[in-house]
Structures are given as structure tokens and as C-alpha cells.
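Just so it is clear, the model here is predicted, and its values are computed rather than measured.
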Amino acid sequence: HDQHGRIDLANFWARRARRILPALITVVAVVVIAGREVLLPWAFNDLVHSARSTGLSIANLHFWRLSGDYFSPTLERAPLLHMWSLGVEEQFYLALPIVMAVALRAGRRRMVAIVLAAIGLGSFTWMIVVSASDLRSAFYLPQYRAWELLLGAMVAMARRRLSALGPRASSMLSWSGITAVVAAVVTFDHTTHFPGVWALLPTVGTAALIAAGVPQRTEGLSMRLLCAAPVQRVGRWSYSWYLWHWPAIVLVRQWSGNDSLGRDLLVCAITLGISALSFRYVESPFRS
């Protein structure tokens, strides 16, 4: 809209489809084929249903209808459980540009910022209220997770002001973000009331990291670490790694009949290599 005075919704959604769908379809197809050989008939039937929901971008609604939260014993062996978050993301990408287009008709960037901030605040407040009595809905349904993605949208809209950050402010933001994200990784477990207010820790931490990177400086230890070639390489592969790692862990667990942390870590390392190939031969060609 800044460049052309309009929002090309069809082009936006087409770019999202090229970015998300090729690798997603590849992974789901491989997982279904492997699942047919590894899983018991009832488990394979569940896998087919979750694959269909993933293809329709409603995996979060599918797992919400089943039971429990992300750590539920009834779902922890679902090979496509992690696709719930992609469902929320795709639903967000469907709605966000429409909301922005309507807001831009009523005013300029300031109006969009006000609308997005109001929706985000409403989503966060609603999530806090609902999570007190219905944690499953607060976890899976998009209206309760929209504030997290909207926080990223607000950071993106503030890029002009963020680009003026000095080295000290940028460094403080980056270290604060790293600390918050690492703290969430280390301390959160199945006893954490999540999402709830605890969702602020990884979400705000991630937003701080993104904001710190807007000036695109490499001063300071944190920025040098995050700009290191190996770290950025993993970042480029991260979407494929997200897709591949969980189905591989679950299918290997089902095939072996037992759980092993060491083996899970080995599977994660192997899927990183698969992700590099997926990025090179599936993601990249379709994006262009």
C-alpha cells in the first residue's frame, strides 16, 4: 500500500501459498506413506484425518476437537500434531490483509496501527479470561492466539522508527529477547499454565529480538551471534525443520516401541539435514 496505494490480496495469498504449501504437501505425503507402514490401523486412520485437516489449514480445529492440550497423552503420539500452529498462522494470513485493507480505506497507517493494537489487546484479554477455565480452547483457537502474531505485525509496522535505534538500545533489546526466549524453553513444561499470561514471555521476547534486528547492525555480541552464517543457515532451513522434526520423532518412537531422549535428539539432527535438502529442492524453486 505504501508503494502502490492498494493491497493486492490475490498476490499476497499466492506468495503465502508458494511459501508454505510445497514443503507442507511434501511432508504430509511422506508422513502418510510412512505412517501406513509403521502405525496401527486406528492410529493410521487418525493420521489420515489430521492430514486432511492440515491440507485444509484447520489442523488446530481438528486437534481442538479431540482432547487435551499440546502435552495431552492422547495427542502426544500424533505425527502431525505440530501442524496446529501452521493452521493458526494460515487463518491469520487469511484474515489480516482483509482487516488492513478495510482499515486503510478508513485512514492511513495510524488507523491501521490503532485497529491492529485494539484487536491484539482484545485477543490477549480474551485469552487470559478463557484460559482460566478452558485452556484447550485458549491454546488451539485463532482468536486467542491472534495477539501473538499481531505483535509481530506491529513490530513490522514500526520498522521506520526501529531503524533509528542506537547500538546500545538494539543490544539491550536483543539480549532481553534472547533471555526471555531461553527462559521459556528451559522452564516451561506440562505444568505451565499455557498460554495464559506465561505466553508473554516467549512472544514478547521474540518481538524484542525482531525489533533489535531492524536496524541491521552487527555491533555487539548478540547481533554477531545471530548474524553468524551457521545461525542464519539454520534460520533459512527452520520452516522445513519445523515440518519434518516432529513426524520423524513420533514415527521412530512408534516403530521402536519406546521413548529415548538421545534417539530423539539424533532424529532431530538427521531431520535438519533433510530440511536442508527440502529447502534447496522444494521450498526455494517454488518461492520464485
Side-chain angles (χ1 to χ4, degrees), residues 16-39 47 50-51 54-55 59 63 70-71 75-90 152 174 177-189 202-203 205-206 209-210 213 218 221-288:
R16 298 315 307 165
R18 290 197 301 271
R19 176 70 181 92
I20 292 174
L21 293 182
L24 175 65
I25 293 170
T26 301
V27 170
V28 171
V30 171
V31 170
V32 169
I33 292 170
R36 189 176 185 86
E37 302 299 322
V38 173
L39 301 176
L47 173 61
S50 61
T54 298
F63 291 113
Y70 196 67
F71 299 102
L75 294 181
E76 64 181 5
R77 293 189 179 274
L80 297 178
L81 173 61
H82 63 318
M83 298 299 184
W84 76 268
S85 59
L86 193 58
V88 171
E89 178 183 342
E90 290 171 326
S174 63
I178 290 172
T179 302
V181 172
V182 171
V185 171
V186 172
T187 62
F188 286 11
D189 58 20
T203 308
T206 301
L209 270 175
I210 296 171
T218 57
L221 178 60
S222 60
M223 285 294 103
R224 289 201 300 272
L225 289 173
L226 294 173
C227 292
V231 176
Q232 293 199 340
R233 192 173 297 115
V234 172
R236 286 193 293 272
W237 300 341
S238 61
Y239 174 57
S240 283
W241 202 12
Y242 154 81
L243 293 175
W244 284 106
H245 84 285
W246 182 250
I249 289 175
V250 171
L251 291 175
V252 169
R253 285 177 180 175
Q254 297 282 48
W255 172 75
S256 65
N258 60 74
D259 295 348
S260 168
L261 177 60
R263 188 189 59 221
D264 288 349
L265 293 174
L266 176 61
V267 170
C268 277
I270 293 172
T271 55
L272 179 60
I274 296 173
S275 301
L277 295 174
S278 179
F279 176 81
R280 173 66 179 84
Y281 295 107
V282 179
E283 281 191 64
S284 296
F286 279 97
R287 289 181 73 174
S288 58

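With sequence neighbours excluded, the residues satisfying side chain to side chain contact (heavy atoms under 4.5 Å, CB included) with A51 are V28, V32, L80. With sequence neighbours excluded, the residues satisfying side-chain hydrogen bond (donor to acceptor under 3.5 Å, both in side chains) with T203 are E148. Residues that satisfy the ring-ring contact (aromatic ring centres under 6.0 Å, His included) test with Y242, not counting sequence neighbours, are H82. Evaluation of the salt bridge (charged side-chain N to carboxylate O under 4.0 Å, His left out) rule for R19 yields E283 as partners, not counting sequence neighbours. Remark: A34 engages L251 in a side chain to side chain contact (heavy atoms under 4.5 Å, CB included) (not counting sequence neighbours). Not a single side-chain hydrogen bond (donor to acceptor under 3.5 Å, both in side chains) links T206 to another residue, sequence neighbours left out. Legend: residues meeting side chain to side chain contact (heavy atoms under 4.5 Å, CB included) with R236, ordered by chain and number and at least two apart, are Q232, R233, F279. Listed by chain and residue number, Y281 satisfy the side chain to side chain contact (heavy atoms under 4.5 Å, CB included) test with L277 (two or more places apart in sequence, or in another chain). Remark: W237 pairs with no residue by the side-chain hydrogen bond (donor to acceptor under 3.5 Å, both in side chains) rule, at least two apart or across chains.
Looking at every heavy atom in both residues, V31 comes nearest to P247 through CG2-CB, 3.4 Å. Here the closest non-hydrogen pair linking L39 and P79 is CD1-CG, 4.3 Å. Pairing each heavy atom of S222 with each of I178, the nearest pair is CB-CD1, 4.0 Å. Looking at every heavy atom in both residues, S238 comes nearest to G235 through OG-O, 2.7 Å. When all heavy atoms of A59 and T54 are compared, the pair lying nearest together is CB-OG1, 3.8 Å.
Taking CD of Q254 as the reference point, atom CD1 of I249 lies at 12.5 Å (rounded to 0.5 Å).
Using modelled atom types, one finds no donor on one side chain facing an acceptor on the other under 3.5 Å when comparing S275 with S240.
Each salt bridge (charged side-chain N to carboxylate O under 4.0 Å, His left out) pair with one or both residues in residues 266-277, not counting sequence neighbours, would appear here, but there are none.
Using a 4.5 Å heavy-atom cutoff, the side chains of V250 and L81 are not in contact. Between S278 and Y239, the closest side-chain pair of non-hydrogen atoms is not below 4.5 Å. Residues I20 and E89 have side chains in contact (heavy-atom distance under 4.5 Å, counting atoms from C-beta outward). Taking 4.5 Å as the limit, some side-chain heavy atom of L24 sits within range of a side-chain heavy atom of M83. Using a 4.5 Å cut-off on side-chain heavy atoms (C-beta onward), L272 and W244 make no contact.
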Side-chain donor-acceptor distances from residues 262-270 under 3.5 Å, at least two apart:
unit_1	atom_1	unit_2	atom_2	d
R263	NH1	S256	OG	3.1
R263	NH1	N258	OD1	3.0
R263	NH2	S256	OG	3.3
R263	NH2	N258	O	2.5
D264	OD2	R253	NE	3.3
D264	OD2	R253	NH2	2.6

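For R18, the CZ atom is densely surrounded, since the number of other residues' heavy atoms within 6.0 Å is greater than 12.
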Exercise for the section: Determine, step by step, whether L243 and T26 satisfy the side-chain contact (heavy atoms from CB on, under 4.5 Å) criterion, reporting the C-alpha distance in whole Å, the side-chain angles of both residues, the deciding distance to 0.1 Å, and the verdict. Expected result: CA-CA 10 Å; L243 293 175; T26 301; over 6 Å; no
Practice task
Start with the C-alpha gap between W241 and V234, add the side-chain angles, then the distance that decides, and say whether side-chain contact (heavy atoms from CB on, under 4.5 Å) holds.
Solution key: CA-CA 9 Å; W241 202 12; V234 172; 3.9 Å; yes
